[in-house]
Amino acid sequence: MKYKILYMFLLLLLFRSNNIISQEIDTTSTEALFDLTLEDLMDIEIVSAVRQNQNIIDAPSIVSVITEKQIKERGYLSVDEALSSIAGYDVITDHFQPNLGIRGINGGLRTWSRLVKVMVDGQSVSFRSSSNNFLDASLIPIEVIEKIEIIRGPNSALYGKNAFLGVINIITKSGSTLQDNAISHYIADINDNSSFGISTIWGGEKEKFDFVFASSYSQIDNSGLALTNVPGSEIYSEDDISKKNEANPLSIFFKLTYENDKFGKIILDGTQQIINSNAEFLDWGALTHKNNISLLNSYERLSYNKYIFENLNTTLTVSRATGKPLKDEVFETNTDPSEWIEREVSYTGYDVTGNLSYNFDEINNFSIGIDYTTDIHDHQKFYTVNSAGTKILNPGGTDGKDQFNNLGIYLQMIFNASEFFGVNYLKNLTLTAGYRFDYHNIYGDVLTYRIAAVYHLTNDISTKIMYGTSFNAPSSVQLYTNYIYPGGIVGNPSLKPEKAKTLEWALMGKITESVNFSTNVFYTEIDDKIEYLLPYGQITNITAENVSNIYSGGIEAELNASLFQNTAYVNYSYQKSILEKNDPLLQEIKVNTALYPNHIIKFGDIYHLPKFYLNINLEGKYISSRIASDQNNFVYDPINYATNRYKLDPYLLLDLTISSTDLNIFKDSKAKLSLKLQNLLDTKFNYPGFNNYDIPGVGRSIYFRFTQNI
Amino acid sequence: MKKHKLIISLIFLFFLFSIGCEKLEEDYNIPQYDHSIKIGVVGDVSVLREQVENMFFGAKLASEEINQMGGLDINNKNYRIELIFKNSGGSPEEGVKVTNELINDGINIIIGPTFSSVAVEMAELCVENEALMMTYSATTPELTLLNDQDFIWRTCPSDHTFGTISAQYCIDSLLYEKAAIFYRNDRFGQGLSSIINENFQELGGHITNYVLYPGDIPNLESYNFSYELNTLLSEEVDVIFIIAFSSEVAVLTNEIYNNELYQQIENKPKLFLNDGIVPEELIINGNPEMLETVIGITSTNEGNTNYNMYKENYIERFGFSPSTYSEHAYDAVYSIVYAMLRASSEEPEDIIEFLREISGSDLCGDIITDQVVINVNEFDVAKNIIEKGQTIDYEGASGPLNFDCNGDPAPKIVIWGIENNEYKEITYYGK
């Protein structure tokens, strides 16, 4: 299979070369295809830090951006792959869904990226029953992404719950910014299994209307991976491998815009995310070969935006979000074919938001916003079903209110210190203050705020100091679920929100026109961290509890350069995080947090070969060792597992992508080819697991992608 | 100016780090003692973590209480109790291995293990090395019969007591005639099932089916019980004696309920559970339709004042309720420490001379009546009395111990059930 893909790629390149020979080569325009400036990286405007356009070096947050161009050149197929290149983020996976850790903290068992708020054009896309963010290819068709704005640090003062340790806002293209309609197809060899994907994007503008539609579907086969035993244990043999580990993510996005100077702008948009995975490495049924997690998660939104006066902008949105399992979902905890588990869980959420923003001038701004959310939950319930058709509700769990209501009000002020205080020497200082009040009918009031100061040392270099608070709300699943199997996770209705406070200092800017940098130091404290605890006492079920505090500090540094024919980046992050908790034997202890490495180095270089219509991208990451999960450390040392913990080995991963620029394979239409070798060195590595085993990473894989404009 | 800006920036950097650095250090909070008496605590924690850790915590609570009250003075030297925890992993080989480790480290007082299947081999090794072993939950009658030279003790009752009372209660009080037995195939299951079988039939009852299931199933949820249950349920009975670990019972109730033969039975049999079951866990994880058919037996007596004081202390210290047998581990530490104080020695051969006395028994196991009764929370009182050369009768968290000639206690036995999802004590046997 691997050789077939390589052969096909070479054949098409040859075909392309013949085609080029027959044309007159315009080297000027070809070289223009390779935009070698750093515009994408440092002069870019972002919207997520304060909910309005700002230059990245003025934004009162630590922000990174991944552009459409980078996505293409690096061959990313999903948002989680793109996030893997960002400093301060660590993406692990259980081959069901990626799980994002940030700055030394990973949520652990069944967290699936719930430490951040993930949005599409400002609309939260989490599966609200569990607050999980599914970041795989089902999240959004990758072709429709214009850029991804990634904020590290708290942002609840603006976005409310779950903007806890970070915010990821995916900005989509519109019909007017879409260069061409396209259809894209890839075939891949992953672990000697065939995989494929197909996606389309289509859009344009006509008179006052602008529309874009995109869809993607993949079939990814991760079969053939063997479980890795905890050191010293021999629970699993070489024969314990994933036999049917397919994922079939499907994603649909649409956006229709009508804009008229008098009327304003009205947008109807939405996504549909279908997650379909055999999930062979989950804690309740590893390698049972019959799990099939199948979920639908979607939203539709109507937004209205208008400048009432020249400087007064108003935005109103109404949205509806739904999520539920699809009918073919099944959980299999054992090999008994006469019994299986089904679940009921669903939500329907309605959001109404309003925002008024007054711009005094280019810098000074005052915003006020209000949002009201009602989520109607059918709380998660697992049933044991047998072949005779009997369906019995599994025990455990608690009944709770079906309706979660949240009212949020926020204020934000951005002002130049010199004008505000009347002091001339502060003319380069911009201050941002934000405050938000949330009232939730389940867990009550939460106040969050942030203050930030951005000081321009030069035109191109700024320094920032920021302090903010945030919270992560317990989800319906954490509060009320019953168990999948006896002893499994049950809800805890007395959970409180987790709360964080973060102090950050950053220095960023351009050193020269072709080199820029960004560095920051951060310190975060989390109170009432929710953890899935190993059970103690008379209760033998795993429950989520607010049991620990986390102290996390670190430094992140990033350098981007565009020299000769290379566009390169390197970033390094060091983080040290301490978990403070009450251990029954040792009482109050402080230990390094599990699951997150201390050192991460990420790097990449795109070598542009305009004469050959090629980009060659080499990207890599070094992940230092990380402490295994508490659940696995119990297997490693059943007595001293709180303090004597094993570490997963460090690893280096390299990806090589060779991609073409626009080619004329078919007459009058452009096409692109790319070949990606993921894990080029075939490094053997493991992600942390949570039930007596660690989860193997995927070995060398080959992706061949063909995109044809239509 | 640029220099100043750089300096200001560096000051910020330093400021940020200095705030966090203090909190970013690990601290395992391990106590350090000048002089300590080390006691090994062995449990099969990797097999039955939830319960065995509670037993460890019971022992830990006792040692912390003793240390907080000033420890113990032996020959004018003050000692603290230091517990060394070991995992015997549910296998005799592992039990022997960790016992050897302890003995080689000079630790010749061992509390544990948890399982009967581990206890006998460990006991033999302890006797050979003249080490004192006191188990808190291994109920096998084989320990009673062992030629132990008084080195082997236990604070939990023997299966002989549990088995006899189980059969007696079913025949005499519930007037049952037909029973089946479903047991885990290990030393514990084989021993207790045979005692129940013998006693039930001796009292006039009839055992229809006697079915075992493997005692080494790595993941019970993934085991297909169809064959075993179809055999077990092939004849209608009044009661099914289930001999299983606490962690297995919830799964078994679900498996039995989902069995088609069980559903066809008109008069559903009662399920009689062995000792060591945690009712709260069963209420959450067991099949709800089966809960009211459950009868259980235990030596944990919720009506006992000493147990309730212990439970209160335990919850205050750990933040959750103790599970069964943790009070027996607690009593094991106190029994040994009181005997050490009486013997003014930390040597096993001296301690065993006083273990019966501090439990209120004479050398033949008969109860002595003129001693000062020492309850839970009275370590300082006991210390004073012993320092004056007087004797005590330690009434533990598990009730009166009164070690007999074989080193077995004579506690009160409770028959319990579940009503409206709540644990309920039904009747009592013993003093």
Side-chain angles (χ1 to χ4, degrees), chain A residues 235 284-285 288 333-336 338-339 384 386 388 390 392-396 455 457 463 465 483 485-487 490 503-505 507 521-523 525 534-541 551-553 576-578 580 582-592 634-635 637-640 642-643, chain B residues 2 5 8-9 12-13 15-17 19-21 23-30 45-46 49-51 53-54 56-57 60 85-87 89 218-226 246-247 250-251 254 257-258 260 263 278-281 283-289 317-323:
Chain A
I235 297 172
W284 67 78
T288 56
T333 59
N334 59 39
T335 52
D336 179 359
S338 65
E339 255 181 37
T384 301
N386 63 25
T390 314
I392 299 164
L393 178 67
N394 286 359
Y455 188 80
L457 297 167
T463 184
I465 185 155
Y483 66 64
Y485 59 87
V490 294
L503 181 62
E504 297 164 293
W505 171 81
L507 184 68
V521 187
F522 66 89
Y523 177 72
E525 282 191 17
L534 289 169
Y536 292 113
Q538 295 175 338
I539 307 304
T540 58
N541 293 78
Y551 308 99
S552 181
K576 184 164 175 63
S577 298
I578 291 288
E580 182 182 61
N582 202 325
D583 177 78
L585 278 181
L586 301 169
Q587 297 186 274
E588 198 84 349
I589 59 167
K590 289 166 76 178
V591 294
N592 289 321
F634 171 71
V635 179
D637 184 345
I639 301 290
N640 304 303
T643 53
Chain B
K2 277 188 180 173
K5 286 171 182 172
I8 291 168
S9 302
F12 271 134
L13 194 73
F15 168 71
L16 284 169
F17 264 122
I19 294 168
C21 278
K23 290 185 171 177
L24 295 177
E25 293 302 319
E26 285 197 298
D27 179 5
Y28 296 166
N29 197 20
I30 294 170
V45 68
S46 57
R49 189 193 75 86
E50 294 84 358
Q51 269 187 276
E53 278 198 336
N54 279 271
F56 284 3
F57 299 157
K60 180 74 175 171
F85 294 95
K86 293 278 182 186
N87 170 36
N219 182 2
L220 208 66
E221 285 83 41
S222 63
Y223 186 77
N224 187 347
F225 280 96
S226 304
S246 184
S247 58
V251 177
N254 284 308
Y257 187 78
N258 292 332
E260 280 177 38
Q263 289 299 334
V278 182
E280 289 76 9
E281 197 261 328
I283 290 165
I284 289 177
N285 288 307
N287 190 290
E289 305 296 325
R317 164 65 178 82
F318 298 111
F320 43 81
S321 296
S323 64

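Quick note on labels: first sequence line is chain A, next is B, and so on, each numbered from 1.
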**OP:** Verify side-chain contact (heavy atoms from CB on, under 4.5 Å) between A:T390 and B:N258, making sure each step is shown before the conclusion.
**Re:** CA-CA 9 Å; A:T390 314; B:N258 292 332; 5.9 Å; no

Considering all heavy atoms of both residues, which atom of [X] and which atom of [Y] are nearest to each other, and what is their separation?
| X | Y | answer |
| --- | --- | --- |
| A:I639 | B:K86 | CD1-C, 3.5 Å |
| B:P288 | A:P395 | CD-CG, 3.8 Å |
| A:F634 | B:S46 | CZ-CA, 3.8 Å |
| B:N87 | A:P638 | ND2-CG, 3.4 Å |

So which part of [X] gets closer than 4.5 Å to some heavy atom of chain B, the side chain, the backbone, both or neither?
| X | result |
| --- | --- |
| A:T384 | side chain |
| A:N386 | side chain |
| A:I235 | neither |
| A:E580 | neither |

Subject >> Separation of B:L24 CG from A:N592 CG (nearest 0.5 Å) >> reply: 9.5 Å

Original post:
Say you draw a straight line from OH of A:Y483 to CD1 of B:I284; how long is it, rounded to the nearest 0.5 Å?
Top reply: 9.5 Å

Subject >> A:I578 and B:E25, any side-chain heavy atoms less than 4.5 Å apart >> reply: no

Subject >> pair A:P584-B:F320: side-chain heavy atoms closer than 4.5 Å >> reply: yes

Original post:
Can you tell me if B:N29 uses its side chain to pair, donor with acceptor, with the backbone of A:Q587 under 3.5 Å?
Top reply: no

**OP:** Show the numbers, then the answer: is there a side-chain contact (heavy atoms from CB on, under 4.5 Å) between B:Y28 and A:D583?
**Re:** CA-CA 10 Å; B:Y28 296 166; A:D583 177 78; over 6 Å; no

Subject >> B:F225 portion near chain A, given a 4.5 angstrom heavy-atom threshold >> reply: neither

Original post:
Under a 4.5 Å heavy-atom cutoff, which of A:V591, A:I589, A:T333, A:L585 has the most pairs with chain B?
Top reply: A:L585

